[in-house]
Visitor: 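First the structure, then my questions, so here it is.
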Amino acid sequence: MGIHLLRPSVGWRFRRDLAIRWLTVAWLSVLMPLLASSPALAYAFETFEVAGAPITGGRGLDDGGCQVGYFQTDASDFSTARAILRCDGMITTIDPPTSIADRRAFDINSSGLIVGSAQRASGSDGFEFDGVSVTWVEFPGAEQTVIRGVNDAGDIVGEYAGVDGVRRGFARISGSFMMIDVPLAEETRPRGINNLGEIVGSWDDDAGLRHAFTRDASSIFTTFDFPGATETLLGDINDAGEIVGTYFDGAGTPHGFLITAPLVQFLPFDVPGSVATLATGINEAGQMTGEWVDGAGIRRGFVATPVLFADGFESGNLSAWSSVQP
């Protein structure tokens with residue numbers, strides 16, 4: 001069956017760099033009894049794909065469960081990527097005007113505002129699409145701009161690159177741009193922002209390895225790694241403080257994980273039948289999205305919906321596993 005239990009993982013380690021705060025091992029004495037008594041979480045997984053495409057990826061989803069993402073017609077050529085919106089099982093392609101290649105949608109808010117990036121003749125730029133018109137967004141002075149996340153107020157986060165090609169983070173809050181750079185990081189890549197102004201993403205160390213970071217509304221950074229992971233990437237955060245992300249094991253295989261709030265449980269998961277799972281988005285209902293890879297190397301999108309059970313939960317009429325091919 002496709003019902004998958006997410007069980008907590010403990011023993012995480014946090015890093016501290018300059019003004020970056022970190023949670024200490026002392027927290028474990030408080031959290032361990034709670035983790036032991038907490039019920040396992042279960043999710044029903046649904047997969048979707050664009051027919052004939054070797055790659056389909058989910059990236060973000062709104063509170064109603066509509067997903068945005070992309071598909072590629074050529075697995076080895078990123079320029080063939082096209083942005084998509086999927087609602088009620090129906091997929092619509094998004095081709096921003098004046099874009100020429102590599103069109104990707106990364107997030108959508110409760111008003112239906114979609115953000116992403118695309119290649120234009122002048123370079124790679126971020127875009128906002130309200131369902132009618134497209135607005136192009138460039139971080140001031142940047143050569144490339146990618147918008148990764150958006151909240152209900154229209155605040156956005158993403159990354160930009162200057163002439164040196166280094167990726168740096170940014171946010172646009174209430175219409176004003178600001179840089180988001182993890183102290184001592186070689187590169188910073190914000191991915192999600194919630195309605196409280198909390199930001200999550202990843203940062204690169206001097207060896208090129210990626211680690212997770214959060215930034216709260218007071219501009220305090222926290223950095224950490226999934227327990228035992230070689231690399232950790234955060235994809236999104238909702239208003240409850242639940243965070244989704246991807247970690248890479250010792251063999252370099254990616255797996256999804258959920259961090260619950262307020263207990264800070266690390267719950268690893270894989271889409272049933274997958275050889276690799278990447279988790280990128282979460283909404284206020286706790287639904288998650290991302291992409292997974294099967295044994296033949298085909299990449300598809302997924303939606304994971306919480307399933308409620310009798311031990312403090314109650315069962316629902318959710319499909320345990322379904323495949324949708326528009």
Side-chain angles (χ1 to χ4, degrees), residues 45-61 66-87 89-108 114-129 134 136 144-150 158-159 161 165 167 189 191-192 202 210 231 233 235-236 244-246 248 252-256 270-271 273-281 288-304 322-326:
F45 287 85
E46 178 188 10
T47 182
F48 63 92
E49 64 183 304
V50 173
I55 297 178
T56 303
R59 283 296 179 263
L61 71 174
C66 291
Q67 306 95 48
V68 294
Y70 74 103
F71 71 96
Q72 286 180 216
T73 56
D74 185 334
S76 62
D77 186 355
F78 291 131
S79 69
T80 66
R82 299 179 67 185
I84 58 172
L85 167 67
R86 178 179 182 263
C87 288
M90 300 295 295
I91 289 180
T92 303
T93 302
I94 303 169
D95 291 320
T98 73
S99 65
I100 58 176
D102 199 6
R103 309 168 179 97
R104 300 168 190 262
F106 290 113
D107 204 4
I108 179 173
I114 298 171
V115 297
S117 69
Q119 185 73 29
R120 298 201 288 170
S122 58
S124 177
D125 293 320
F127 70 82
E128 299 172 311
F129 177 55
V134 168
W136 291 100
Q144 300 178 11
T145 303
V146 179
I147 306 175
R148 298 285 188 173
V150 62
E159 63 201 56
R167 296 278 174 173
R189 306 166 189 267
R191 290 294 187 265
S202 65
R210 295 186 184 179
E231 295 188 88
L233 294 71
D236 201 6
V244 295
T246 302
F248 291 78
T253 301
H255 309 271
D270 288 294
V271 174
S274 71
V275 297
T277 298
L278 296 89
T280 55
M288 299 180 290
T289 192
E291 65 185 68
W292 64 285
V293 185
D294 67 15
I298 303 299
R299 293 161 61 176
R300 300 178 175 89
F302 76 84
V303 180
S322 60
S323 178
V324 179
Q325 299 185 16

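Numbering of residues begins at 1 and proceeds along the displayed sequence. Just so it is clear, the model here is predicted, and its values are computed rather than measured.
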Visitor: With no hydrogens and no angle check, is any side-chain donor or acceptor of Asp294 less than 3.5 Å from a backbone partner on Ile298?
Guide: yes
Visitor: For Ser76, enumerate each residue passing the side chain to side chain contact (heavy atoms under 4.5 Å, CB included) test, keeping only those at least two apart in sequence or located in another chain.
Guide: Asp74
Visitor: Gln119: which residues meet the side-chain hydrogen bond (donor to acceptor under 3.5 Å, both in side chains) condition with it, sequence neighbours left out?
Guide: none
Visitor: Taking Thr280 for the side chain and Gly58 for the main chain, is one N or O donor matched with an acceptor at less than 3.5 Å?
Guide: yes
Visitor: Below 4.5 Å, heavy atoms only, C-beta onward: do Val68 and Leu61 meet side chain to side chain?
Guide: no
Visitor: So, are Arg191 and Asp236 salt-bridged, with charged N and O less than 4.0 Å apart?
Guide: no
Visitor: Please report the C-alpha distance between Gln72 and Asp77 in whole Å, then the side-chain angles of each, then the deciding distance to 0.1 Å, and finally whether the side-chain contact (heavy atoms from CB on, under 4.5 Å) criterion is met.
Guide: CA-CA 8 Å; Gln72 286 180 216; Asp77 186 355; 5.5 Å; no
Visitor: Indicate yes or no: at least one non-hydrogen side-chain atom of Thr253 is less than 4.5 angstrom from one of Val275.
Guide: no
Visitor: Could you pull out all residues at least two apart from Asp95 that satisfy salt bridge (charged side-chain N to carboxylate O under 4.0 Å, His left out)?
Guide: Arg82, Arg103
Visitor: With a 4.5 Å limit on heavy-atom distance, are the side chains of Val146 and Phe106 in contact?
Guide: yes
Visitor: Go through the steps for Ile114 and Ile94 under the test side-chain contact (heavy atoms from CB on, under 4.5 Å), then give the verdict.
Guide: CA-CA 10 Å; Ile114 298 171; Ile94 303 169; 3.7 Å; yes
Visitor: Less than 4.5 Å apart, any side-chain heavy atom of Glu46 and any of Phe302?
Guide: no
Visitor: Dump the intermediate steps for side-chain contact (heavy atoms from CB on, under 4.5 Å) on Val303 and Arg86, then the final yes or no.
Guide: CA-CA 11 Å; Val303 180; Arg86 178 179 182 263; 4.2 Å; yes
Visitor: For the atom pair CZ (Arg189) and CG (Leu233), what is the distance rounded to the nearest 0.5 Å?
Guide: 8.5 Å
Visitor: Using every non-hydrogen atom in the two residues, find where Ala279 and Gly256 come nearest and quote the distance to one decimal.
Guide: CB-CA, 4.1 Å
Visitor: Could I get the full list of side chain to side chain contact (heavy atoms under 4.5 Å, CB included) partners for Val134, not counting sequence neighbours?
Guide: Pro96, Pro97, Phe127, Phe129, Trp136
Visitor: For Thr73, enumerate each residue passing the side-chain hydrogen bond (donor to acceptor under 3.5 Å, both in side chains) test, keeping only those at least two apart in sequence or located in another chain.
Guide: none
Visitor: If you look at every heavy atom in Ala83 and Ala105, which pair is closest and at what distance?
Guide: CB-N, 3.5 Å
Visitor: Donor-acceptor check, side chain of Thr145 to backbone of Gly126, threshold 3.5 angstrom: yes or no?
Guide: no
Visitor: Just to verify, what does Leu278 make a side chain to side chain contact (heavy atoms under 4.5 Å, CB included) with, not counting sequence neighbours?
Guide: Thr246, Pro254, Glu291
Visitor: Taking side chain to side chain contact (heavy atoms under 4.5 Å, CB included) as the test, write out the residues that go with Thr56, two or more places apart.
Guide: Phe48, Glu49, Val50, Ala53, Phe71, Ile84
Visitor: Applying salt bridge (Lys or Arg N to Asp or Glu O under 4.0 Å), which residue pairs with at least one partner in residues 120-129 are found, sequence neighbours left out?
Guide: Arg120-Asp125, Arg120-Glu138, Glu128-Arg172
Visitor: Who are the side-chain hydrogen bond (donor to acceptor under 3.5 Å, both in side chains) partners of Gln144, not counting sequence neighbours?
Guide: Arg167
Visitor: Tell me the closest heavy-atom pair linking Ser79 and Ala101, and the distance in Å.
Guide: O-CB, 3.5 Å
Visitor: Please name all residues satisfying side-chain hydrogen bond (donor to acceptor under 3.5 Å, both in side chains) with Ser117, sequence neighbours left out, ordered by chain then number.
Guide: none
Visitor: Considering residues at least two apart in sequence or located in another chain, which fulfil the salt bridge (charged side-chain N to carboxylate O under 4.0 Å, His left out) criterion with Arg148?
Guide: Glu159
Visitor: Keeping Asp107 on the side-chain end and Gly60 on the backbone end, is there a donor-acceptor pair under 3.5 Å?
Guide: no
Visitor: Of all the heavy-atom pairs spanning Gln67 and Thr289, show the shortest one and how long it is.
Guide: CG-OG1, 4.1 Å
Visitor: Under the side-chain contact (heavy atoms from CB on, under 4.5 Å) criterion, do Trp292 and Arg299 qualify, and how do the steps go?
Guide: CA-CA 5 Å; Trp292 64 285; Arg299 293 161 61 176; over 6 Å; no
